[in-house]
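One-based numbering, in listed order, for ligands and for the atoms of each.
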Amino acid sequence: MTEISSIALATDLYRQTFAGAPAAAASAPGRVNLIGEHTDYNGGPVLPVALERRTSVVAAASERWTFVSSVDPAPADVEVDTPLQHAWTDYIVGVIRELQKIGAAPGGASVAVASTVPIGAGLSSSAAITVAAAETLSALAGCRLSPAQLVDVAARAEHEQVGVRGGRMDQTIAVHARAGTALLFETDTGAMRTVPMPGRIWIFETGISHKLTGGELNARRAECEAALAALQTRWRHLTFLADLPLGDLPDALAMLPDNLARRTRHVVTETARVRAAVDVLSAGNLAELGRLLVAGHNSLRADYESSCPEADTIVASAVARGAYGARLTGAGWGGAVLMLAPAEREHEVVDAVAEDFNERYGRTPLTWATAAAAGVQRESIPQ
Ligand code: GLA
């Protein structure tokens, strides 16, 4: 597959919209999380992979802030000190406000954004834009942020400014990804380790767009916090929900109301699945990895209640049609399913799954494949 270049798109858009050429440019990838869903804000491990699809942000200094994007090509003059607009521009305003706090923001800029990461598909288009914007705008201000600062600015832009309280998985993989590897990120200690991830991952877009600003993720996070608080009355040294030992789960579940018990069971069993996934992926055992993906999906569906019928259909069909495994990836409530299939049969499996989906929903899901790609990078401006 030819790589689609968001940097060329962003630079063209810049030239068409503003006079002259941009002075700084960077791109960052979307991500697919192999396994470890809703563990990152519970102190557990995650195992994401960066997509080949990226978001590019190009900019040059100006007296005011003007943004344009490939999805919204009408240039918007933006005030960064007034309340957010509930628009895509909020993500960049959030980054600017966070850069200002550390003295790394320019005074104003003309900014063009282009992306090949699908929006609202659970593939982290928001971290791709915030990380790329943080890198480009800090470069315009003459600063080079450390990887930790980049993650921090992008995560705070989304959590504190936009107000979606996820964890730090998306920003971490967008910054730290290495091509050909998945990243084991321990969210309690911040430790990171790459795990070789050869081959291709298939993505099925359900076509159901999630809007995290709608509040489901924040609601689940609040439930996890309530469960932790309840369990701390008995497990006094428990700092994170994901740290509850698997063997203590039956006792823990018995003392929680049904919804909190199910959220807890997901987080604790998912943490164990990430550990097992790292072992089997390191051993190259994709068949066993596939079984863990399906178990993870079933846990999201039944216990975390973050799936949707379209995703359940794709996972069931993938398993029936000979994939190693599949599961909903990202926050959920719509979005995308990832699938691993034997390389020699992958096209056959993808076509069969798309047919099954079409039979049920009367439309085919968008499908595409990605290898594990690299994280944020500064880009030279195409001529
Ligand atoms: C969103 C959040 C992540 C993570 C996932 C669920 O993508 O931004 O931090 O919580 O949902 O695993």
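Annotation: Arg64, atom CZ; neighbour count of heavy atoms from other residues, nucleotides and ligands within 6.0 Å does not exceed 12. The 12-atom threshold is exceeded at CZ of Arg221, counting heavy atoms of other residues, nucleotides or ligands nearer than 6.0 Å.
Considering Asn33, Ile35, Asp40 only, the shortest heavy-atom separation from atom 9 (O) of ligand 1 involves Asp40.
With a 4.0 Å heavy-atom cut-off, ligand 1 is reached by no atom of Arg165.
In the vicinity of Met169, heavy-atom distances shorter than 4.0 Å reach the ligand 1 atoms 4 (C), 5 (C), 12 (O). Atoms of ligand 1 lying under 4.0 Å from any heavy atom of Tyr41, numbered from 1 in the order shown and given with element: 10 (O).
Distances shorter than 4.0 angstrom occur between a heavy atom of Arg31 and an atom of ligand 1.
For ligand 1, the polar-atom distance check finds no N/O of Glu158 at less than 3.5 Å from any of the ligand's N/O atoms. Considering backbone and side-chain N/O of Asp170, one or more are found under 3.5 Å from N/O of ligand 1. For ligand 1, none of its N or O atoms has an N or O atom of Gly166 under 3.5 Å away.
Here the closest non-hydrogen pair linking Gly36 and Val46 is O-CG1, 3.2 Å.
For the residue pair His297/Asp312, the side-chain donor-acceptor check at 3.5 Å is satisfied. Side-chain atoms of Ser115 and Arg53 include no donor-acceptor pair closer than 3.5 Å. For the residue pair Arg360 / Thr313, a side-chain donor-acceptor distance below 3.5 Å is found, with atom types taken as modelled.
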